[in-house]
Colleague: 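Please read through the structure below; I'll follow up with questions.
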Amino acid sequence: MRENARVTSATRQPGTPAPAQPSATSGRGGGSLPPRLIATDLDGTLLRDDQTVSPRTVAALAAAEKAGIEVFFVTGRPARWMDVVSEHVHGHGLAICGNGAAVVDLHGGAGAHRFVKVRELARENALKSVQLLREAAPGTLFAVEQTYGFHQEPAYPKLHLEIPDTLRSAEELLAPDGVAASQPVLKILAHHPDLDPDAFLTLARIAVGGHANVTRSSPSALLELSGPGVSKASTLALCCAERGISQEEVVAFGDMPNDIEMLTWAGRSYAMGNAHPDTVAAATGRTHANNEDGVARVIEDLLAGRV
């Protein structure tokens with residue numbers, strides 16, 4: 001989950017690379033089937049750095065829906081941060097939020113989103129993950145993301161420009177009878193003030209093991225912990241299965257490590273020009289940066305039969 005201040009690209013590039021479009025058979029599992037679903041990340045991907053959706057991108061999304069291609073927003077953002085794209089939902093209006101922890105119907109508009117599916121992080125797993133991370137990386141600070149609540153430790157930095165519902169230690173928040181006991185836990189956020197973001201991610205994955213899925217989408221050392229097996233890819237796969245859509249019929253876009261599983265799973269996938277190097281390696285193709293309408297350019301080419 002990116003900090004919800006002005007969002008900047010994850011990595012700076014010397015220039016926009018020429019899009020390396022995959023061939024019709026380069027997608028995993030074939031990639032030759034016409035696309036039936038577009039799955040796109042938001043921050044650093046669909047959204048520009050000022051968190052707006054460009055007119056070109058709005059038109060491309062509408063054209064895809066008109067052509068019968070479903071569009072899913074697939075993001076680390078919580079549901080309450082989805083107002084930025086609520087007016088651009090067009091057809092079905094579903095989004096995968098919290099790195100796969102929830103499927104949300106955006107049709108109600110700003111502030112009226114409905115949870116369709118929740119894949120929670122069990123409290124015992126969350127507590128164990130907090131314990132293991134405290135031991136492996138002293139100084140780590142935690143916040144707890146729920147369906148309708150956000151809680152944090154008192155010293156957790158002001159990353160999200162919102163007032164938390166509660167200030168308590170993570171152990172208190174996650175206790176069976178704690179203040180956060182009434183709602184499912186979607187994610188644990190773990191921030192370290194000093195560690196390199198990629199080094200912190202590697203360390204945390206080793207320390208936490210199978211108790212949680214650990215990823216990151218922020219340029220800072222901010223990690224996101226979801227339930228074991230919960231990711232953008234696994235929830236997207238569930239949604240596609242419900243619609244009879246195969247992975248070869250999915251085109252995905254992303255820029256950060258939390259997009260890697262989704263880009264690997266999709267038949268065709270594109271890393272943005274501003275993407276993290278590991279994300280570039282995971283995708284079957286590359287497009288322009290988020291500030292240069294990289295997603296829209298590929299959608300236009302898809303609809304024109306150029307890719």
Colleague: Examine Leu174 and Leu133 and state if one hydrophobic cluster contains both, with Ile, Leu, Val, Met, Phe, Trp and Tyr joined whenever side-chain heavy atoms are less than 4.5 Å apart.
Modeller: yes

Colleague: Could you tell me whether a side-chain N or O of Asp293 sits under 3.5 Å from a main-chain N or O of Ala296, the two making a donor and an acceptor?
Modeller: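 Not confirmed, Asp293 side chain does not pair with Ala296 backbone.
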
Colleague: Is the side chain of Arg48 donor-acceptor paired with the backbone N or O of Thr52 at a distance under 3.5 Å, no angle test?
Modeller: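 Not confirmed, Arg48 side chain does not pair with Thr52 backbone.
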
Colleague: Can you get from Val250 to Ile260 by hopping between Ile, Leu, Val, Met, Phe, Trp and Tyr side chains that sit under 4.5 Å apart?
Modeller: no

Colleague: Establish, from distance only, whether the side-chain atoms of Thr147 and Gln183 form a donor-acceptor pair under 3.5 Å.
Modeller: yes

Colleague: Going by distance alone, is a donor N or O of one side chain under 3.5 Å from an acceptor N or O of the other, for Asn290 and Asp255?
Modeller: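 Asn290 vs Asp255: no donor-acceptor pair found between side chains.
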
Colleague: Assess whether salt bridge (charged side-chain N to carboxylate O under 4.0 Å, His left out) is satisfied between Glu70 and Arg243, documenting all intermediate values.
Modeller: CA-CA 10 Å; Glu70 290 196 66; Arg243 290 159 175 76; 3.5 Å; yes

Colleague: So which atom in Asp43 and which in Asp41 form the shortest heavy-atom distance, rounded to 0.1 Å?
Modeller: O-OD2, 2.9 Å

Colleague: Checking Glu65 side chain against Ala62 main chain: does a donor-acceptor pair fall under 3.5 Å?
Modeller: no

Colleague: Ignoring hydrogens and angles, tell me if any N or O in the side chain of Asn213 forms a donor-acceptor pair with the backbone of Val230 under 3.5 Å.
Modeller: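 Judged by distance alone, yes, a pair lies under 3.5 Å.
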
Colleague: Hey, is the main chain of Met256 close enough, under 3.5 Å, to the side chain of Ser217 for a donor-acceptor pair?
Modeller: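 Checked: no pair found.
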
Colleague: List the atom pairs, with distances to 0.1 Å, where a side-chain N or O of residues 204-212 and a protein N or O form a donor-acceptor pair under 3.5 Å, not counting sequence neighbours.
Modeller:
from	atom 1	to	atom 2	distance (Å)
Arg205	NE	Val214	O	2.8
Arg205	NH2	Val214	O	3.1

Colleague: Between Glu135 and Leu132 (side chain of the first, backbone of the second, donor and acceptor by atom type, cut-off under 3.5 Å), is there such a pair?
Modeller: no

Colleague: Would you find a donor on one side and an acceptor on the other, under 3.5 Å apart, between the side chain of Glu153 and the backbone of Ala170?
Modeller: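 Yes; judged by distance alone, with no hydrogens or angles, the pair exists.
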
Colleague: Could you measure the distance from the CD atom of Gln146 to the CD atom of Glu120? Nearest 0.5 Å is fine.
Modeller: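 CD of Glu120 is found 10.0 Å from CD of Gln146.
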
Colleague: Please tell me whether Ser226 and Arg119 have a donor and an acceptor in their side chains that are separated by less than 3.5 angstrom.
Modeller: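 On atom types as modelled, these side chains do not qualify, holding no pair under 3.5 Å.
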
Colleague: Nearest heavy-atom pair of Leu263 and Ala283: which atoms, and what distance?
Modeller: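 Shortest heavy-atom contact: CD1-CB, 4.2 Å.
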
Colleague: List the steps, then state whether side-chain hydrogen bond (donor to acceptor under 3.5 Å, both in side chains) holds for Thr140 with Arg134.
Modeller: CA-CA 6 Å; Thr140 300; Arg134 287 203 197 279; over 6 Å; no

Colleague: Give a yes or no on whether a salt bridge exists between Glu242 and Lys117, defined as a side-chain N under 4.0 angstrom from a carboxylate O.
Modeller: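 A salt bridge links Glu242 with Lys117.
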
Colleague: Hey, are Glu145 and Lys187 close enough for a salt bridge, meaning a charged N less than 4.0 Å from a carboxylate O?
Modeller: no

Colleague: Using the six-membered ring wherever Trp is involved, compare the ring planes of Tyr156 and Phe150 and label them parallel, tilted or perpendicular (cut-offs 30° and 60°).
Modeller: perpendicular

Colleague: Going by side-chain contact (heavy atoms from CB on, under 4.5 Å), name the residues that satisfy it together with Ala233, two or more places apart in sequence or in a different chain.
Modeller: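 Here the qualifying residues are Ser231, Glu261, Met262, Trp265.
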
Colleague: Decide whether His276 and Asp259 meet the rule of one side-chain donor and one side-chain acceptor closer than 3.5 Å.
Modeller: no

Colleague: Give a yes or no on whether a salt bridge exists between Glu300 and Arg306, defined as a side-chain N under 4.0 angstrom from a carboxylate O.
Modeller: no

Colleague: Between Thr284 and Gly267, what is the shortest heavy-atom contact and its length?
Modeller: CG2-O, 4.2 Å

Colleague: Which heavy atom of Gly294 sits nearest to which heavy atom of Thr287, and what is that distance?
Modeller: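 That closest heavy-atom pairing would be O-OG1, 2.8 Å.
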
Colleague: So which atom in Leu303 and which in Ala67 form the shortest heavy-atom distance, rounded to 0.1 Å?
Modeller: CD2-CB, 3.8 Å

